[in-house]
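One-based numbering, in listed order, for ligands and for the atoms of each. A quick note: this is a predicted structure, and the numbers were derived from the prediction, not measured.
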Amino acid sequence: MEPTLNISGHTKMVCLIGSPVEHSMSPAMHNAAFAKLGVDYCYLAFDVQPEQLETAIKGLRELGFAGANVTMPCKTHVLQYLDELTPAAELMGAVNTIEVKGDKLIGHNTDGAGFMRNLDNHGVDYKGKKITINGAGGAGSAIFTQAALDGVTAIDVFNIKDDFFDSTAERVKVLSEKTGVPVTLYDLADREQLRKSVSESAVFINATRVGMPPLEDECTLDEDMLHDGLAVADTVYEPRETKLIKMAKAHGLITCPGVGMLLCQAALGEEIWTGQAMPIDYIEEKFYK
Ligand code: NAD
């Protein structure tokens, strides 16, 4: 029989805050994990716009929530309403997880840490090595910031020359100064630089939207840029195996599909709220296979 929640007057609440949230898998996923663990927690999603955020965050405190996840468009706005930030959340300037600790609200960002844990789970050796990442949006920024904190020696970042390119260059410069890890931004159209960067790297990461529909037949890396010893990771989790992951797998390389990042960042949230390890295999089987 499927484990179920037994909601009572003691049940601790966790929620997702952002907009839109109706199609989020988080409530189903976290409630299934809470039920499986037998912990007295319940997870709901609330549609909150940035202008409602201050009141919503006050509500977490007043109503005795255990914590929350924060999604778009509230991930950066929420910083001003929190009491403390972890070093990663502060460097990223974005929070996706809130911990309510006594009367304090602490902002975490588990996207980058979830990604790095997924690399660890696949036995990827990145400490003391250079990495290359395509994509400097929300996911990419979280990943290269956490990587700089977690012991890589250099990071080459590639992005299309979009409206955010110059501000990304500025953020990357500040990150380099604060962490002492050289982080360099290049135009994704510079294929020779990408080839050079990947040839010097132990890990290549796709953190662009390329690989997910309608770009599922595309890939930001050329096949002849792959080399022995390179680990290849994708943030895209739908489809589960992107063109990039299939190509790297065919070359016998270590591959880390995006679903692992998704599960690991969710697991980190549950550890923060409940102090218990999320049953990752059970959740993956139930929702992502
Ligand atoms: P975002 O909108 O913040 O950034 C999008 C990125 O994709 C930018 O770098 C942009 O320049 C790039 N991009 C868009 N179209 C492109 C194209 N045609 N060619 C090259 N680059 C292009 O989005 P995000 O939140 O950073 O998400 C990026 C990807 O990561 C998405 O596929 C998303 O599903 C995935 N993601 C996965 C997880 C996870 O837990 N696995 C978490 C967050 C995001």
Neighbour count above 12 (heavy atom, 6.0 Å) for [X] [atom1]:
{"X": "Tyr282", "atom1": "OH", "result": "yes"}
{"X": "Asp228", "atom1": "CG", "result": "no"}
{"X": "Glu90", "atom1": "CD", "result": "no"}

Heavy-atom distances under 4.0 Å decide this one: backbone, side chain, both or neither, for [X] against ligand 1?
{"X": "Arg209", "value": "both"}
{"X": "Val210", "value": "side chain"}
{"X": "Thr220", "value": "neither"}
{"X": "Ala207", "value": "backbone"}
{"X": "Asn159", "value": "side chain"}
{"X": "Val259", "value": "neither"}
{"X": "Asn134", "value": "neither"}

As a quick check of understanding, evaluate side-chain contact (heavy atoms from CB on, under 4.5 Å) for Thr242 and Asn206, giving each step before the final call.
CA-CA 10 Å; Thr242 57; Asn206 173 54; 6.0 Å; no

For [atom], what is the nearest protein heavy atom, given as residue, atom name and distance?
{"atom": "atom 39 (C) of ligand 1", "answer": "Met261 SD, 3.6 Å"}
{"atom": "atom 12 (C) of ligand 1", "answer": "Thr208 CB, 3.8 Å"}
{"atom": "atom 4 (O) of ligand 1", "answer": "Gly137 CA, 3.4 Å"}
{"atom": "atom 31 (C) of ligand 1", "answer": "Met212 SD, 3.7 Å"}
{"atom": "atom 18 (N) of ligand 1", "answer": "Leu215 CD1, 3.8 Å"}
{"atom": "atom 25 (O) of ligand 1", "answer": "Ala139 N, 3.9 Å"}
{"atom": "atom 3 (O) of ligand 1", "answer": "Gly138 N, 2.8 Å"}

Out of all atoms in ligand 1, which are within 4.0 Å of some heavy atom of [X]? Include the element for each.
{"X": "Leu188", "result": "20 (C)"}
{"X": "Gly258", "result": "41 (N)"}
{"X": "Val236", "result": "32 (O)"}
{"X": "Asp162", "result": "11 (O)"}
{"X": "Gly135", "result": "9 (O)"}

Could you check whether Thr132 and Ser201, counting side-chain N and O atoms only, form a donor-acceptor pair closer than 3.5 Å?
yes

Side-chain donor-acceptor contact under 3.5 Å, Asn96 with Thr110
yes

Between Lys243 and Cys219, which heavy-atom pair has the shortest distance, and what is it?
CD-CB, 4.1 Å

If you compare all heavy atoms of Ser26 against all heavy atoms of Tyr43, which two are closest, and at what distance to 0.1 Å?
CB-OH, 3.5 Å

Carboxylate-amine/guanidinium proximity below 4.0 Å for [X] and [Y]:
{"X": "Lys249", "Y": "Glu241", "value": "yes"}
{"X": "Lys286", "Y": "Glu2", "value": "yes"}
{"X": "Glu200", "Y": "Lys196", "value": "yes"}

Mind telling me whether Trp273 and His30 have parallel, tilted or perpendicular rings, with 30° and 60° as the class edges?
perpendicular

Tell me whether Ile160 has any N or O atom under 3.5 angstrom from an N or O of ligand 1.
no

Check this for me - ligand 1, Thr235, N or O atoms closer than 3.5 angstrom, yes or no?
yes

For the side chain of Asp162 and the backbone of Phe164, is there at least one donor-acceptor N/O pair under 3.5 Å apart?
yes

